[in-house]
Amino acid sequence: MGFKLKILFTLVAFSSMFHIDAFAQPHNKDSLKYSDFRPGLLWFATGWRPAKPEKLRKYDRLILDITYNQLFTPAPAKQNPWRSIGCNVNTMWDIPMNKGNTASFGIGLAYKFQKASTKGLFYKDTLENTTKYYADSGFTTYKKTYFGSHTLALPIEFRFRTPKWQHFKVHVGGSIGYRLQTFQKKWIGKTKVHDRNSYFPDENGFVYGVHCRIGIRNWALFADYSFVPHFYKKASTQTNNFSFGISLSLF
């Protein structure tokens, strides 16, 4: 089973544990009061003891981001937009900062799959031991190309929301992480060539960036920018990733 299929299988298995009424407002409940309404697994993580009646609701603890990924090289690279779609999976703790939980602190673990279908190729310069990007170079030879990465990150964010259940929310934060793999795929007809980490001699493993979400209840618009270029040598092409898309909070 391939790397992406393992991630997809994990997501499907994990999300199947949640009830559909996680997306519905509770009936006959005052949305301004504390509630023991539980729309899905782990709505309140209470351990061996039952939840206290006054326990605050918590939000945005499993978040899926569907993103479009744009490479800057240093100008925006020409890309195929429909082949530049990635995803993030965020498991978060929501830590209330006030009585009504209109402000909270979020921290957790995230997996990021970022992919860009560029109309150019990254080449390994064996003389300088660097990585260069050539726009449109060789694209007539290759049917399609992808450049991307798999990253494990620690997101930290401040969360602000209105008090009602169907609340307006703003999340502002950042993340630090490590690129598990940088890859490039290119096809000559049906033949695929897969370049992995070892193909990029000066790959940056350590990464950090900022992100933001703005939305209502389960849905939000999402944007993320990485401050760390993919390659650390000055002679290499300096590329940074900018992602934006839609976020869905399952619970």
A.B. asks: Hydrophobic side-chain clustering at under 4.5 Å (ILVMFWY, transitive links): who's grouped with Val172? Put none if nobody.
C.D. replies: Phe168, Val170, Ile214, Ile216
A.B. asks: What distance separates Leu250 CG from Asn90 CG, expressed to the nearest 0.5 Å?
C.D. replies: 11.0 Å
A.B. asks: Same cluster for Phe206 and Val210 if Ile/Leu/Val/Met/Phe/Trp/Tyr side chains link at under 4.5 Å?
C.D. replies: yes
A.B. asks: Give me the atom names and distance for the closest heavy-atom approach of Arg179 to Val228.
C.D. replies: NH2-O, 3.6 Å
A.B. asks: Could you go through the side-chain contact (heavy atoms from CB on, under 4.5 Å) check for His211 and Asp65 one step at a time?
C.D. replies: CA-CA 12 Å; His211 66 263; Asp65 305 314; over 6 Å; no
A.B. asks: What heavy-atom pair brings His171 and Arg159 nearest, and what distance separates the two atoms?
C.D. replies: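 Closest heavy-atom pair between His171 and Arg159: CD2-CG, 3.5 Å.
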A.B. asks: Any idea which heavy atoms bring Thr67 and Cys87 closest together, and the distance?
C.D. replies: OG1-N, 3.9 Å
A.B. asks: Grab the two heavy atoms, one from Pro201 and one from Lys124, that are nearest each other, plus how far apart they are.
C.D. replies: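 Minimum heavy-atom separation between Pro201 and Lys124: CD-CG, 3.9 Å.
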A.B. asks: Drop me the distance from Tyr146's OH to Trp187's CH2, to the nearest 0.5 angstrom.
C.D. replies: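 Answer for the OH-CH2 pair, Tyr146 versus Trp187, is 5.0 Å.
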A.B. asks: So does Ser236 get a backbone contact from the side chain of Gln238, meaning a donor-acceptor N/O pair under 3.5 Å?
C.D. replies: yes
A.B. asks: Between Thr239 (side chain only) and Pro229 (backbone N and O only), is there a donor and an acceptor less than 3.5 Å apart?
C.D. replies: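 A pair under 3.5 Å: no.
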A.B. asks: Mark yes or no for whether Ser249, through its side chain, and Ile63, through its backbone, hold a donor-acceptor pair below 3.5 Å.
C.D. replies: no
A.B. asks: Checking side-chain contact (heavy atoms from CB on, under 4.5 Å) for the pair Leu152/Leu109: CA distance, chi angles, key distance, verdict?
C.D. replies: CA-CA 7 Å; Leu152 199 62; Leu109 181 67; 4.1 Å; yes
A.B. asks: Roughly how far, to the nearest 0.5 Å, is the CZ atom of Arg217 from the OG1 atom of Thr162?
C.D. replies: 11.0 Å
A.B. asks: Test your reading of the model: is there a side-chain donor-acceptor pair from Gln184 to the backbone of Phe122, 3.5 Å cut-off?
C.D. replies: yes
A.B. asks: With a cut-off of 6.0 Å (strictly less than), are more than 12 heavy atoms of other residues, nucleotides or ligands near CD1 of Ile85?
C.D. replies: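 Check passes, neighbour count above 12.
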A.B. asks: If the plane angle is over 60° it's perpendicular, under 30° parallel, otherwise tilted; pick one for Tyr68 and Phe244.
C.D. replies: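 Rings of Tyr68 and Phe244: tilted, 30 to 60°.
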A.B. asks: Establish whether Tyr232 and Phe200 are linked, either directly or via other cluster members, by ILVMFWY side-chain heavy-atom contacts under 4.5 Å.
C.D. replies: no
A.B. asks: So His230 and Phe147, would you call those rings parallel, tilted or perpendicular, with 30° and 60° as cut-offs?
C.D. replies: perpendicular
A.B. asks: If you define the side chain from C-beta out and look only at heavy atoms, does anything of Leu64 sit under 4.5 Å from Val89?
C.D. replies: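 They are in side-chain contact.
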A.B. asks: What pairs with Phe158 under side chain to side chain contact (heavy atoms under 4.5 Å, CB included), at least two apart in sequence or on another chain?
C.D. replies: Met97, Phe105, Phe160
A.B. asks: Ser149 and Phe183: which non-hydrogen atoms are nearest, and at how many Å?
C.D. replies: N-CE2, 3.4 Å
A.B. asks: Taking a hydrophobic cluster as the set of Ile, Leu, Val, Met, Phe, Trp and Tyr residues connected by side-chain heavy atoms closer than 4.5 Å, whether directly or through intermediates, do Phe242 and Phe222 fall within one such cluster?
C.D. replies: no
A.B. asks: Please check this pair: side chain of Thr237 against backbone of Tyr133, looking for a donor-acceptor N/O pair closer than 3.5 Å.
C.D. replies: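 Yes; at least one donor-acceptor contact below 3.5 Å.
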A.B. asks: Has Lys186 got its NZ or CZ under 6.0 Å from the middle of the six-membered ring of Tyr199, at an angle within 45 degrees of the ring axis?
C.D. replies: yes
A.B. asks: Could you go step by step and tell me if Tyr225 and Phe227 meet the ring-ring contact (aromatic ring centres under 6.0 Å, His included) rule?
C.D. replies: CA-CA 6 Å; Tyr225 180 75; Phe227 290 117; 5.6 Å; yes
A.B. asks: Supply the atom-to-atom distance Ile107 CD1 to Ile95 CD1, rounded to the nearest 0.5 angstrom.
C.D. replies: 6.5 Å
A.B. asks: Are Met92 and Ile156 connected in a single hydrophobic cluster, I mean Ile/Leu/Val/Met/Phe/Trp/Tyr linked by side-chain heavy atoms less than 4.5 Å apart?
C.D. replies: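 No, separate clusters.
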A.B. asks: Taking Asn241 for its side chain and Ser226 for its backbone only, find out whether a donor-acceptor pair lies under 3.5 Å.
C.D. replies: no
A.B. asks: Check whether any side-chain N or O of Lys233 sits under 3.5 Å from a backbone N or O of Asn129 as a donor-acceptor pair, and report yes or no.
C.D. replies: yes
A.B. asks: Once rounded to the nearest 0.5 Å, what's the spacing between atom CG of Leu248 and atom CG of Leu62?
C.D. replies: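 The distance works out to 8.5 Å.
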A.B. asks: Quick test of your reading of the model: are Lys169 and Asp60 salt-bridged, counting only N-O distances below 4.0 Å?
C.D. replies: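 Salt bridge between Lys169 and Asp60, a charged N being under 4.0 Å from a carboxylate O: yes.
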A.B. asks: Test your reading of the model: is there a side-chain donor-acceptor pair from Asn69 to the backbone of Ser243, 3.5 Å cut-off?
C.D. replies: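 No, Asn69 side chain to Ser243 backbone: no donor-acceptor pair under 3.5 Å.
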A.B. asks: Minimum heavy-atom separation for Pro96 to Ser104, with atom names?
C.D. replies: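 It is CA-CB, 3.9 Å.
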A.B. asks: Given the rule in the side-chain contact (heavy atoms from CB on, under 4.5 Å) test, do Asp125 and Thr131 qualify, once you have shown the distances and angles that lead to the verdict?
C.D. replies: CA-CA 6 Å; Asp125 190 326; Thr131 307; over 6 Å; no
A.B. asks: How long is the gap from OH on Tyr123 to OG1 on Thr130, to the nearest 0.5 Å?
C.D. replies: 14.0 Å
